[in-house]
Amino acid sequence: MDAVFPARGLLPKKDTGADRFLARYPDYDGRGVLIGILDTGVDPGAPGLQVTSDGKRKIVDFIDTTGSGDVDTSHIATLDEEGCLLGLTGRRLKVPPDWENPSGEWNVGCKAGYELFPKGLKERLTKERKKKDWTPGHALAVAKASRDLEKWKKNEPEKLTFVDALEKEEYESRLDVLGKLDKDYSDPGPVYDCIVFHDGNQWNAVVDTSECGEIGRAV
């Protein structure tokens with residue numbers, strides 16, 4: 001059934017008399033008034049939160065007090081001869097030559113992506129990353145360990161010496177360890193380099209979500 005959602009019911013201007021008030025006082029719509037709102041969450045990209053009635057930015061600032069997005073950027077780094085920074089992840093971060101930083105000081109930090117992602121996304125990425133980065137190499141290692149054990153068993157002497165027993169135990173242990181490693185697999189997830197710097201006019205924050213060090217393409 002096709003039907004138009006009665007959006008006017010969400011903001012009953014007619015019932016409250018707000019429409020008549022605004023018709024009489026069109027400038028009395030909140031312009032010039034700054035308010036603070038405490039909420040569990042807001043989408044700054046929502047269309048209704050972009051521009052005020054007189055064309056100004058509607059959200060002046062917002063602060064996340066949950067701590068989930070906090071990044072320690074107290075470490076100071078400087079550019080090397082090639083115009084790169086050494087990030088806390090160990091990656092070399094190529095800084096675009098047109099980025100202004102009069103002080104020459106770059107505050108760097110890092111953040112684990114899994115601390116920011118919702119549970120569903122984290123679970124999906126963990127499965128995808130394991131399938132891509134862990135499973136192929138692990139499967140090859142298990143196959144080789146199995147072949148080595150089978151090869152040894154084919155030539156297993158009737159009477160085992162102490163050395164033979166140790167050798168057999170070694171092959172069997174390799175398979176056991178590989179199985180345990182797969183069972184206990186834990187993915188730390190992506191770790192992003194974070195940079196904060198002042199260009200002489202304002203502070204800028206950059207997160208290298210590409211994990212490649214080309215921060216000119218970062219967010």
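Just so you know, residue 1 is the first one in the sequence shown, and it goes up from there.
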Short question: side chain of [X], backbone of [Y] - any donor-acceptor pair under 3.5 Å?
{"X": "R57", "Y": "V51", "value": "no"}
{"X": "D148", "Y": "A145", "value": "no"}
{"X": "N204", "Y": "Q202", "value": "yes"}
{"X": "E115", "Y": "K111", "value": "no"}
{"X": "D208", "Y": "G213", "value": "yes"}

Hydrophobic cluster membership, with links at side-chain heavy-atom distances under 4.5 Å among I/L/V/M/F/W/Y: are V108 and V191 in one? no
Does V71 belong to the same Ile/Leu/Val/Met/Phe/Trp/Tyr cluster as V196, with side-chain heavy atoms less than 4.5 Å apart forming each link?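 In one cluster with V71: V196, no.
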If you measure from [atom1] on [X] to [atom2] on [Y], what distance do you get to the nearest 0.5 Å?
{"X": "K94", "Y": "C212", "atom1": "NZ", "atom2": "SG", "value": "13.0 Å"}
{"X": "L93", "Y": "L86", "atom1": "CG", "atom2": "CG", "value": "7.5 Å"}
{"X": "T126", "Y": "L121", "atom1": "OG1", "atom2": "CG", "value": "9.0 Å"}
{"X": "N107", "Y": "I76", "atom1": "CG", "atom2": "CD1", "value": "3.5 Å"}
{"X": "I37", "Y": "I59", "atom1": "CD1", "atom2": "CD1", "value": "8.5 Å"}

Would you name the heavy atoms of [X] and [Y] that are closest together and state the gap between them?
{"X": "T16", "Y": "K13", "result": "OG1-O, 3.3 Å"}
{"X": "P102", "Y": "G200", "result": "CD-N, 3.9 Å"}
{"X": "G109", "Y": "L88", "result": "CA-CD1, 3.6 Å"}
{"X": "F117", "Y": "K122", "result": "CB-N, 4.4 Å"}
{"X": "D193", "Y": "G87", "result": "OD1-CA, 3.4 Å"}

Partner residues of Y25 under the ring-ring contact (aromatic ring centres under 6.0 Å, His included) criterion, sequence neighbours left out: F21, Y28
Going by side chain to side chain donor-acceptor pair (under 3.5 Å), name the residues that satisfy it together with [X], two or more places apart in sequence or in a different chain.
{"X": "E214", "value": "none"}
{"X": "D187", "value": "Y114, R129"}
{"X": "N155", "value": "none"}
{"X": "T73", "value": "none"}

Using a 6.0 Å cut-off, check whether atom [atom1] of [X] has over 12 heavy atoms from anything other than its own residue.
{"X": "E169", "atom1": "CD", "value": "no"}
{"X": "K130", "atom1": "NZ", "value": "yes"}
{"X": "K144", "atom1": "NZ", "value": "no"}

Evaluate the side-chain proximity of C84 to L79: yes if any heavy-atom separation is below 4.5 Å, no if none is. no
Salt bridge (Lys or Arg N to Asp or Glu O under 4.0 Å) partners of [X], counting only residues at least two apart:
{"X": "K168", "value": "E156"}
{"X": "E105", "value": "none"}
{"X": "E81", "value": "none"}
{"X": "R31", "value": "D27, D29"}

Trace of the side chain to side chain contact (heavy atoms under 4.5 Å, CB included) decision for V95 with L85: CA-CA 7 Å; V95 177; L85 297 169; 3.8 Å; yes
Take K14 and D19, measure what salt bridge (charged side-chain N to carboxylate O under 4.0 Å, His left out) needs, and give me the verdict at the end. CA-CA 6 Å; K14 184 176 181 180; D19 58 340; over 6 Å; no
Might you work through the salt bridge (charged side-chain N to carboxylate O under 4.0 Å, His left out) test for K127 and E123, ending with a clear yes or no? CA-CA 6 Å; K127 292 179 181 178; E123 292 176 349; over 6 Å; no
If the threshold is 4.0 Å, N to carboxylate O, is there a salt bridge linking R92 and E82?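 Salt bridge flag = yes for E82 with R92.
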Is K132 salt-bridged to E128, cutoff N-O under 4.0 Å?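 Salt bridge between K132 and E128, a charged N being under 4.0 Å from a carboxylate O: no.
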Qualifying side-chain hydrogen bond (donor to acceptor under 3.5 Å, both in side chains) pairs, either residue in residues 172-181, two or more places apart: E170-R174, K180-D184
ring-ring contact (aromatic ring centres under 6.0 Å, His included) pairs, two or more places apart, involving residues 86-106: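 Passing the test, one end in residues 86-106: W99-F197, W106-F197.
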Applying ring-ring contact (aromatic ring centres under 6.0 Å, His included) as the test, list every pair that has at least one member in residues 125-145; sequence neighbours left out. W134-H138, W134-Y185
